[in-house]
S.K.: 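Could you have a look at this structure, given as structure tokens, before my questions?
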Protein chains: 2
Amino acid sequence: MPLRRRFTPEARTDVHRCLVCEIREHSVCNGIDDTELAILAQASKRLTLPPGTAMIEEGTPALSFFNVTSGTVKLFKSLPDGRRQITGFADVGHFLGLTTAKTYSFGAETVDTVQVCRFLRPQLETLLTDYPQFERRLLDEVTDELAEAQEQMLLLGRKTARERVASFLLNRMIPPAPAGQGKTEGCLVSLPMTRVDIADYLGLTIETVSRTISALRREQTITGTDNHGIRVLSVTRLRDLASGQDSR
Amino acid sequence: MPLRRRFTPEARTDVHRCLVCEIREHSVCNGIDDTELAILAQASKRLTLPPGTAMIEEGTPALSFFNVTSGTVKLFKSLPDGRRQITGFADVGHFLGLTTAKTYSFGAETVDTVQVCRFLRPQLETLLTDYPQFERRLLDEVTDELAEAQEQMLLLGRKTARERVASFLLNRMIPPAPAGQGKTEGCLVSLPMTRVDIADYLGLTIETVSRTISALRREQTITGTDNHGIRVLSVTRLRDLASGQDSR
DNA sequence: AGCTGTCGTTGATTTATATCAACAATAACC
DNA sequence: GGTTATTGTTGATATAAATCAACGACAGCT
């Protein structure tokens, strides 16, 4: 059973911040040994950002690397005429801002109140060269991101609106408490973002997203009147929908 | 000026294979020092594969990692009913087969005759831990792949058929010889894949791809009757089309 | 509490692209 | 070298999702 650490919400740069960090084991920071955590704390700065904060502007010099410790950040790319594609949501434990280029090729904006640890580029570089385990962990993390990106390409290129929404709800489902129950019913879905964000993530319009969610509600696959908190009634059914096994 | 090395097409496992490899500097192998190349050659095996060879089967145990030294490989994901999304084409210098999971989440098939160097998982692991520069190079490579994947998500989620085809042709354009000429006219595009592959990469049907290419030909943006060799007449125009700046 | 703006839903209509269909061109093969 | 299969093109029609439009439900503010 993992040790439960107290999470300190205040922005602190002290040596103990990382030692005490609740989400460390779920992030790249886990690549650094417990005895070296002071160095990690010194290399980074904890920030608290209000909803709607532009963390990264497309085309801007790539100076920072962030690790999300709470909240959700949306990553996106835009076309000159304003069309936007959200390429992912970075939740707790996920990083953002990694690039080999001089400038960012994407934007990032907080969805809700977000806490991040910010690393400046040179400091990140130092960590990568000094701590092979940290670099390995980051490589694994990026490799997983790439696999997720490929899954999303399948969604955007080949799935119907119904399949897209079902896949999305499935991906954002809070893993049900492993209380040994065979059937996973009534799973919660975390939706801190707006319909516009969901549409821009799924390559649809807000109207189509809204209609599709309404349809799923109508046919009892999901429930919940609250827009940001949906409950899945049949995970099996949703899974079938997501992969194109539509029984209707 | 980079030293021009002789490329040996025969499948050899000898110590000098990597030393003599023409494309080394364009791949992850460049992360290994010249003096250590014998180890790299021993860790990998050179294979020549005919067109249409299934290199990776979705869901199969992830045992190998490949580095492409010639030809083009298509990477894809499929839905149960056969719908397919090609997530990328791995050309010379690109790797494939990287994953943190036990099994591959994607498939891979050769487009034309392909030469690869195959690394078995344990051997790759060893290289990664023993040669930090190799790992760094791979991290950079994966980071770039992720940026490309995000660009492709923008294409699949938000671009029109015209914009998708224009973007594709632009991406596959052979970089024009830097002969100092101001205007880059008549650039060649490398299209070893079929229309089906292009359609599955762009999230379109073969008919739409065909029609769009015909339209671009009709309006003098491109030429070439040969299906696998197109010539771009106006790179500027194509670039405008790709980003939605359609002047028509 | 009442106003104001944002966010979400639902309905009517349009449209870009898919689908269906036929044929042309190229490549593969005996 | 002519036949067959594969690959690509073009046209007609259907359709899923976009667009246009109106309204409902909140959340924030004074």
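Because only heavy atoms are used, hydrogens play no part in the values below, and waters and symmetry mates are left out as well, while side chains stay in. Numbered from 1 within each chain, the chains take letters A, B, ... in sequence-line order.
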S.K.: What residues, two or more places apart in sequence or in another chain, satisfy ring pair (Phe, Tyr, Trp, His ring centres under 6.0 Å) together with A/Phe76?
M.R.: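 Testing A/Phe76 for ring pair (Phe, Tyr, Trp, His ring centres under 6.0 Å), a comparison that skips the adjacent residues, returns none.
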S.K.: Please identify each residue that fulfils ring pair (Phe, Tyr, Trp, His ring centres under 6.0 Å) with B/Tyr201, with sequence neighbours left out.
M.R.: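 B/Tyr201 satisfies ring pair (Phe, Tyr, Trp, His ring centres under 6.0 Å) with B/Phe89, B/Phe168 once adjacent residues are dropped.
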S.K.: Starting at atom CZ of B/Arg158, determine the distance to atom C1' of C/dA16, rounded to an integer number of angstrom.
M.R.: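 My rounded result for the distance is 15 Å.
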S.K.: Which of residues 207-218 of chain B have a heavy atom under 4.0 Å from DNA chain D?
M.R.: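 B/Glu207, B/Ser210, B/Arg211, B/Ser214, B/Arg217 - these, ordered by number, are the residues of the stretch whose heavy atoms sit under 4.0 Å from the strand.
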S.K.: With sequence neighbours left out, what residues match B/Ala108 under side chain to side chain contact (heavy atoms under 4.5 Å, CB included)?
M.R.: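 Checked B/Ala108 against side chain to side chain contact (heavy atoms under 4.5 Å, CB included); matches are B/Met55, B/Ile56, B/Val73, B/Leu75, B/Leu96.
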S.K.: Could you check how far CZ of B/Arg83 sits from P of C/dT19, rounded to whole Å?
M.R.: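 After rounding, the reported distance stands at 9 Å.
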S.K.: Could you pull out all residues at least two apart from A/Leu188 that satisfy side chain to side chain contact (heavy atoms under 4.5 Å, CB included)?
M.R.: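 Side chain to side chain contact (heavy atoms under 4.5 Å, CB included) list for A/Leu188, sorted by chain: A/Ile174, A/Arg231.
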S.K.: Scan residues 84-96 of chain A for pairs that pass salt bridge (charged side-chain N to carboxylate O under 4.0 Å, His left out), counting only residues two or more places apart or in two chains.
M.R.: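 Listed by first then second residue: A/Arg84-A/Asp197, A/Arg84-A/Asp200, A/Asp91-A/Arg172.
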S.K.: So does A/Thr194 get a side-chain nitrogen or oxygen closer than 4.0 Å to the phosphate oxygens (OP1/OP2) of C/dC7?
M.R.: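 No, outside the criterion.
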S.K.: Go along nucleotides 22-30 of chain C 5' to 3' and tag each nucleotide: B for a protein heavy atom under 4.0 Å from its base, S when only backbone or sugar atoms are that close, - otherwise.
M.R.: ---------
S.K.: Answer yes if the side chains of A/Ser44 and A/Arg17 hold a donor-acceptor pair under 3.5 Å, and no otherwise.
M.R.: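 Present: a donor and an acceptor within the cut-off.
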S.K.: May I have the distance from B/Arg162 (atom CZ) to C/dA16 (atom P), rounded to whole angstrom?
M.R.: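 Going from CZ in B/Arg162 over to P in C/dA16 covers 12 Å.
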S.K.: Report yes or no: do B/Ser167 and B/Lys159 form a side-chain donor-acceptor pair below 3.5 Å?
M.R.: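 Yes, B/Lys159 and B/Ser167 have a side-chain donor paired with an acceptor closer than 3.5 Å.
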S.K.: When you check the gap from the basic side-chain N to the acidic O, do A/Glu219 and A/Arg162 get nearer than 4.0 Å?
M.R.: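 A salt bridge is present here (some side-chain N lies under 4.0 Å from a carboxylate O).
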S.K.: Just the rounded figure in Å: distance from P of C/dT17 to CG of B/Asp200.
M.R.: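 Checked: the CG to P distance equals 17 Å.
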S.K.: Expressed in angstrom and rounded to an integer, what is the separation of B/Leu204 atom CG from C/dA16 atom C1'?
M.R.: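 That distance rounds to 11 Å.
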S.K.: Any heavy-atom pair between the side chains of A/Asp112 and A/Val114 that's under 4.5 Å?
M.R.: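 A/Val114 vs A/Asp112: side chains touch.
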S.K.: With distance as the sole test, does A/Lys77 use its side chain to make a donor-acceptor pair with the main-chain N or O of A/Ser105 at under 3.5 Å?
M.R.: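 Here the side-chain-to-backbone pair exists.
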S.K.: Taking side-chain hydrogen bond (donor to acceptor under 3.5 Å, both in side chains) as the cut-off, I'd like each qualifying pair that reaches into residues 56-65 of chain A, sequence neighbours left out, listed once.
M.R.: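 Checked against side-chain hydrogen bond (donor to acceptor under 3.5 Å, both in side chains) - neighbours excluded - the pairs reaching residues 56-65 of chain A are A/Glu58-A/Ser78.
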S.K.: Earliest and latest nucleotide of DNA chain D, 5' to 3', sitting under 4.0 Å from a non-hydrogen atom of chain B?
M.R.: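 First-to-last contact on DNA chain D, by the 4.0 Å heavy-atom rule, is D/dG8 to D/dA12.
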S.K.: In this structure, how many angstroms lie between the C1' atom of C/dG11 and the CD1 atom of A/Ile206, rounded?
M.R.: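 Those two atoms, CD1 and C1', are 14 Å apart.
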S.K.: Who are the side chain to side chain contact (heavy atoms under 4.5 Å, CB included) partners of B/Ser27, not counting sequence neighbours?
M.R.: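 Side chain to side chain contact (heavy atoms under 4.5 Å, CB included) check on B/Ser27 returns B/Ile23, B/Cys29, B/Asn67.
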S.K.: Could you give the angle between the helix axes at the two ends of the helix from C/dA1-D/dT30 to C/dC30-D/dG1, with five pairs per end, rounded to 10 degrees?
M.R.: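 Between the axes fitted at each end of the helix from C/dA1-D/dT30 to C/dC30-D/dG1 lies an angle of 50°.
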S.K.: Quick one: side chain to side chain contact (heavy atoms under 4.5 Å, CB included) partners of B/Asp81, sequence neighbours excluded?
M.R.: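 Scan of B/Asp81 (side chain to side chain contact (heavy atoms under 4.5 Å, CB included), adjacent residues dropped) gives B/Leu79, B/Arg83.
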